[in-house]
Number of protein chains: 2
Amino acid sequence: MVDKSVNSGRVATDPWDEVARRLGTDLYLDLQPDPTASPRGRGARRRHSLAEALRAAIDDGRLPAGTRLPPYRSLAADVGLARGTVASVYQELIAEGWLVARQGSGTHVADTVGRARTDAEPTRARAELPPPRHNFALGQPNSSLFPRADWIASTRRAITEAPDDAFAPGHPQGTARLRRSLASYLARARGVRAEPEQIVLTTSVMSALELLSRSIFGDILAVESHGLPFHRQVIERGGTSTVPVAIDTDGAVVDDLPDAVAGVLLTPSHQFPTGVSLSPPRRTAVIEWARSGGRLIVEDDYDGELRYDREPVGALQALGPDVVIYAGSVSKSLSPAVRVGWLVLPPQLVDTMVWAKGIREPDASIVDQLVLADLIDSGAYDRHIRRSRQYYRRRRDRITGRLARSGVRVPGIAAGLHAVIPLPADSESRVVADASRRGFALAPLSFFRHPACDVTDGGSADGRGLGGGVVVGFGTPAASAFAADVEALADLVGDYLPNRRLRAE
Amino acid sequence: MVDKSVNSGRVATDPWDEVARRLGTDLYLDLQPDPTASPRGRGARRRHSLAEALRAAIDDGRLPAGTRLPPYRSLAADVGLARGTVASVYQELIAEGWLVARQGSGTHVADTVGRARTDAEPTRARAELPPPRHNFALGQPNSSLFPRADWIASTRRAITEAPDDAFAPGHPQGTARLRRSLASYLARARGVRAEPEQIVLTTSVMSALELLSRSIFGDILAVESHGLPFHRQVIERGGTSTVPVAIDTDGAVVDDLPDAVAGVLLTPSHQFPTGVSLSPPRRTAVIEWARSGGRLIVEDDYDGELRYDREPVGALQALGPDVVIYAGSVSKSLSPAVRVGWLVLPPQLVDTMVWAKGIREPDASIVDQLVLADLIDSGAYDRHIRRSRQYYRRRRDRITGRLARSGVRVPGIAAGLHAVIPLPADSESRVVADASRRGFALAPLSFFRHPACDVTDGGSADGRGLGGGVVVGFGTPAASAFAADVEALADLVGDYLPNRRLRAE
């Protein structure tokens, strides 16, 4: 209970009138009932407003440390609240340390609060960069394609049908419901050989790589000479250093893989970013390399479903389920807003991985896992993939067709959400600077280059040379802007490549 | 295209009959159309089945390395598929490395596949422990309380109303939509002083602690002598070591905090696991300690909304928003299946934290973030909290009432989802072993003890001594089992505490 001594009347040293004046406006404003703003009852709302008004007044210095508060009966009468309500607000603020009740001298503002506020003003809304005029940012499906109606329908079914224990703490491996659906889906869509027991669900390929680095990779992992910098960063954060292996038109030059590495991270279906596919002989060779040396291959199948010219080439994993760790997510196929990814592991590695995740680290939303399982099992996911393929195929054709008219041939297979536009290595930085001035979001090929590559030769790891280029994400532009974006892109490239015909895939 | 030489007819060295025999059963089985299993068209399905049957036969050794396959025309006739379909299946398997086309001698199984399969049998369904008979596992809300209908309704609204760019890659800070809702919710429910710009969304308090350790904590962080071991582990994994500070009935003994630490991790509302609340004088003292030494306080408000005897005490953060990092999640209030948590940071730390998350690491599902924002703004979240409070209050009352009849007083405030049942330190391990035999899931108090504590005195950091005990999560038992579970618990405790009256809170 609040100290009864405060009820004995007003004390002249710091009269209530003065406190009321200091509190006044805020109390008046904050105590206005707002029936739409809160589901709480009106009384509870007004009680909260009083507490909040007092905290704010103390906090911003209107009621400085040591200020004596009026007796709760006076305050109750002044603000039209029940006496008990005001007494309980005092009690609450005493419990929180805002106020102290001193025996014999009433309730005062505590000494140590509200002092550092001026240093700690919250940052105001962060300055956001304006959106780029021509947004060819990478790694994004077109956000207008998200299958909203299907997601809502699957949520309704999945949440209605889930057993209660779906809402209990989940296993770090992820819900069995989605692992079953995925095992079947990955088998039919990508030829992956997976039992549900081999699948570990994560939030993304990136978080999966960090977990692998922390638990399974050794000291050194080979990576493609060009790849996602933040993938290399999380691998290195997990304690594994990376060395580059060259890429040519048949994909990673796996014959060059050094012996002294624990394994290699590859993008066999559609090398990121160069867009080539790992050739059949190299597929068998790299499996052999892994098996003969007790090594691992991590297959990042980041857009394996999005092949446009023919059926997708099956996953490398199916050739060597004993040595390949298959990694994927819905970030390209559905949306990066749904944070669900997966690893298909050689069976002997599953326990290590689950241990690395930790018993309390399911990471990926179980609710989303259940919804995704329903999306797959109902066929909606397959329909969405087919729709997406048609959509992106048209976009890729439009870009390659338009650039071909300017004499520029886009290398790489007809797949994915991005394309490389080749440039002489020495003009790359000028093109990118100019592109930025013209309002483009796009990335220079050198952005993806491993730091250990020889930059004097366009960044190849072996001297064969990839040349320069810019990488454009053609999933990103809004439908209404795409035609103009492609024209602007052709203009940009045309300004730097007069009559130049680039090497074929 | 597949090598034309394979079309010239059957070759005696490895006749088609033999291959057909080896393939036969699987082909027959797998090519059965299953209209319910797949949304794909029937032709595509049969094409896939053929490819899969061939892969499986190669993989498990029925078609050993070097085996010559029949011409695609023969196979097409035998299995009733179009010739072009079978040709494209061969082509696909060549691209994947399963088959090789040798000039002049047809299509063969490649040399390096299918060898290691016997070593790599997937682990069978993991042996799961049977569920405990009396499940007092910690840290779990009752999974039957999950507000399914509200979640579905909020999903419908949130997904329908979201702008397209909600499905584009998210900012690592989390969606502004939920940060706005949370800032307002945390202010009214917990007294937290937060602008949306100060909030960083995460998947859980645990992942938030790891991020903080990696970016903001210094070399040493003080932690309560008893707390979650996996919280200490992630902090240490991030590079910060921990030292314990004692707990008594007023919460952490903040006067004992050493100078040589960068800050302290506290559970002020309801100490985990002892259940005490940090006293008002200690609240102001710890803020003062942090301010005077340039230190930080991390407030883990893991169940701050679940106070049963009165309005919750407001967050410590409100007393010192310049020095307190406030952490919370929906894991106790809603379900650990929804992986959304938050940090409210002093403004000057926001950029560091966002940088630590990395530009591509939004972590928490944006879809769930949008749904949670709608759940909060629609009032459904508040209704759920009120329902939950009533539910858990009845459960806690039942446990404390029943144990009181056995002469056992449960210490700590009326709050949260767990209770400590005190025991003499020397009997704790016997009780826990016996509990395990009787089918209980519960945890010994010593499980939560910091390893640097003095175990000879019940694990206190300062010699004052907490004694022993078991910690029971009363949210977990199913409604149908709860009454019997409580009786069994009282029986268990009664067997070890004849007529013993424990010290009050």
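All values derive from a computational prediction rather than experimental measurement. To find a chain, count down the sequence lines: A is the first, B the second, and so on, and within it residues start at 1.
The two residues B:Ala168 and A:Pro336 come nearest to each other via the heavy atoms C-CG, 3.9 Å. Nearest heavy atom pair, residue B:Ile152 against residue A:Thr155, reads CG1-O, 4.1 Å.
The OG1 atom of B:Thr476 lies 12.5 Å from the CG atom of A:Asp165; values are rounded to the nearest 0.5 Å. The structure places CG of B:Leu319 at 9.5 Å from CG of A:Leu93, a figure rounded to the nearest 0.5 Å. With rounding to the nearest 0.5 angstrom, the CZ atom of A:Arg339 is 12.0 Å from the CG atom of B:Asp368.
When heavy atoms are compared at a cutoff of 4.5 Å, A:Ala478 does not approach chain B at all. If you measure heavy-atom distances from A:Pro141 to chain B, you find no contacts under 4.5 Å at all. Within the 4.5 angstrom heavy-atom criterion, atoms from both the backbone and the side chain of B:Thr160 approach chain A. Residue A:Ala176 does not touch chain B at all, counting heavy-atom pairs closer than 4.5 Å. For B:Ala187, the part sitting under 4.5 Å from any heavy atom of chain A is the backbone (N, CA, C, O) and nothing else. Contacts of B:Ala166 with chain A are made by backbone atoms alone, with heavy-atom separations under 4.5 Å and no side-chain atom involved.
For the set A:Ala162, A:Ala149, A:Gly320, the count of heavy-atom pairs under 4.5 angstrom toward chain B peaks at A:Ala162. With respect to chain A, the highest number of heavy-atom pairs below 4.5 Å among B:Arg310, B:Glu92, B:Arg283 belongs to B:Arg283.
Shown here are the ring pair (Phe, Tyr, Trp, His ring centres under 6.0 Å) partners of A:Phe146, two or more places apart in sequence or in another chain: A:Trp151, B:Phe167. When the side chain to side chain donor-acceptor pair (under 3.5 Å) test is applied to A:Ser269, the partners found at least two apart in sequence or on another chain are A:Arg190, A:Asp301.
The shortest distance between side-chain heavy atoms of A:Arg55 and B:Arg193 falls below 4.5 Å.
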Evaluate the criterion side chain to side chain donor-acceptor pair (under 3.5 Å) for residue pair B:Asp164 and A:Ser144; output intermediate values, then yes/no.
CA-CA 5 Å; B:Asp164 275 352; A:Ser144 73; 4.6 Å; no
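The residues B:Arg237 and A:Glu210 are annotated as not salt-bridged, no charged nitrogen and carboxylate oxygen being separated by less than 4.0 angstrom.
The backbone N or O of A:Ile159 lies less than 3.5 Å from a partner atom in the side chain of B:Arg148, making a donor-acceptor pair.
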